[in-house]
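In what follows, chains are A, B, ... by sequence order, proteins preceding strands, each numbered from 1.
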Amino acid sequence: MLVKIVLTLIVIMGALNLAGFLTWVERKQSAVIQDRIGANRARIFGLRLLGLFHPLADMIKLIMKEDFTPRLGHKTLHMLAPFISVFFALIAFAAIPIGDHLMLWGHPVSLQVSNMNVGLLYIFAVMSMGVYGVFLAGFSSNNNYSFLGGLRASSQMISYEITMGVSLIGIIMIYGSLNLQDLVQAQGHYWLSWIPQWGIFVQPVGFLLFMTAAMAETKRAPFDLPEGESEIIGYFVEYSGMKFGMFMLSDFLETVLAAALLATLFFGGWQIPYLFSDGFHFPWGGVWLIPQTGVALLGVLSFSLKIIFFCWFLMMVRWTLPRFRYDQLMRLGWKMMLPLALMNILVTGLIMVLLKEFIL
Amino acid sequence: MENDAAIGAYEYTCYRINNGFVKGIHLVNRKELTFLERIYIFEAFKGILITSTHFFKNIFLHTAHLLGFLKGQSAAVTIQYPDEKREYAPRLRTRHRLVQREDGSPRCVACMLCETVCPAKCIYIIAGEDPDPNIEKVAKKFDIDLGKCVYCGFCVEVCPEDAIRMDTQIMDIAAYSREEMLLDMDELLHPGSRKNG
């Protein structure tokens, strides 16, 4: 029980800190891409550390700012909306396995906050609940523009949720499980004891579709037109101070979540190629034995690195592609990605049947 | 018009209305997107390739700078303003100064030309008598309100005595109140000094 609480704290703190850290990464990475230097002025005792204190300074600023509620807005809902956003972004991490079993004092401890059978369904359910935060924010602000922004955001999220769900059916069909731990373990097998059976090799189309849909789901560029802070009025115009900060935070949390999902479902989760439960067994014959604790910790490390890589990649996409227009967004979602996802299921099923009939 | 299909809708309308060849209309040959370009994925990856080249090149240079190598090659185009300033052109109109004679008295003879010509009405002069019989008047007070000044340089152009110039190269003139934006004669005579700076 105590171990579970510690694990929960580790996961929550890890996600929150990574999300806070991403605000710095976003500024610095965009600066580096655009040949600038980026935020580097915040300092403590003359120490600048490449501007690493900026998230801290932002936090202090946001907390000190006036917390404003529109006069005719719905006070309770206006208060509730950012909490709903952050809450549902956070609890989705419960189903994600951060590693294999760790042996502690002779007991195996699963490195997953909650090992549920329907982990994938749970994550989808929780992510769909995020729409409520967005919509209530627009609805309770008593502002037509933020109401429209809320409508835009919720219609976008609902449209892309469908593609996101459907694009994963291929994965579920092949690995035959909704349990994320099982999915990761299934990705530890090898073809010809050489190529790992990672989701990216099994379902390349599913990967592209899921990645695009996840980007749209997290409302980041090039799908950031519900927010579009600088040009379009989004659903959180009437928010200030830390409530606004919470919307931003849930944005980054969802980025981390999307990265974690991409790593779990398509890049083998905590798996490292050729690392088995007792050490490395290379296909070219080398064997390097590692104690079980080392293997588990290496798995956690590899999962963290994969998450960081995908966070980096999602940021890279954000600073590369221009924003879609609303009609382009809907066209892409409904007319291209959904049919492609359905086709993907069909083709996957066909190939599975053919493989079973003729080869095995 | 052999490239009829390639011209855009706007150009095509003009062409139809004027019935034939029209002078003065710039035809834009828009390239049709190929299939690979239209499915966007490859183009998106090409874009990411461009941004990541910048990213990795600059990260490499930044790391090299931290370790003390490749100082000559800049990783960013940023000028970190208060720490490093770019060189201004010598003719740039910057904060004003009053030119002194050899004995240290201001050259200004309080002719009021600059106060008259100033479009922003930011110069306030009060004239007084000079003990030297060769000089008729002298400025007893000479204030410039930088909060109003539009930096047109008319005062410099109009001055018959070359008494006022705008060549101090001082650009940061911020202050916390309107009163502090007022430059008095002492500050104008000694450009480095600023009471409220």
Can you establish whether the number of heavy atoms outside [X] located under 6.0 Å from its atom [atom1] is more than 12?
X: A:Tyr326; atom1: OH; result: yes
X: B:Arg101; atom1: CZ; result: yes
X: B:Tyr124; atom1: OH; result: yes
X: B:Tyr81; atom1: OH; result: yes
X: A:Met343; atom1: CE; result: no
X: B:Glu84; atom1: CD; result: yes
X: B:Glu129; atom1: CD; result: no

Pairwise distance [atom1]([X]) to [atom2]([Y]) - rounded to 0.5 angstrom:
X: B:Thr51; Y: A:Arg318; atom1: OG1; atom2: CZ; answer: 13.0 Å
X: A:Gln328; Y: B:Tyr40; atom1: CD; atom2: OH; answer: 8.5 Å
X: A:Trp319; Y: B:Ser52; atom1: CH2; atom2: OG; answer: 15.5 Å
X: A:Ile37; Y: B:His62; atom1: CD1; atom2: NE2; answer: 6.0 Å
X: A:Lys28; Y: B:Asn58; atom1: NZ; atom2: CG; answer: 12.0 Å
X: A:Leu321; Y: B:Glu43; atom1: CG; atom2: CD; answer: 10.5 Å

Exercise. How far apart are the C-alpha atoms of B:His54 and A:Val32, what are their side-chain angles, what is the distance that settles it, and do they pass the side chain to side chain contact (heavy atoms under 4.5 Å, CB included) test?
Worked result: CA-CA 7 Å; B:His54 273 258; A:Val32 171; over 6 Å; no
Exercise. With respect to chain A, which residue among B:Thr78, B:Ile39, B:Leu66 yields the maximal number of heavy-atom pairs within a distance under 4.5 Å?
Worked result: B:Thr78
Problem set entry | Sub-4.5 Å side-chain heavy-atom contact between A:Thr320 and B:Ile50 | no
Problem set entry | Check: A:Asp35 side chain, B:Ala76 main-chain N or O, donor-acceptor pair, under 3.5 Å | no
Problem set entry | Salt bridge present between B:Asp83 and A:Arg41 (N-O < 4.0 angstrom) | yes
Exercise. Can you say whether A:Leu332 sits under 4.5 Å from chain B via the side chain, the backbone, both, or neither, judging by heavy atoms?
Worked result: neither
Exercise. Chain A heavy atoms under 4.5 Å from B:Ala75: which part of the residue, side chain, backbone, both or neither?
Worked result: backbone
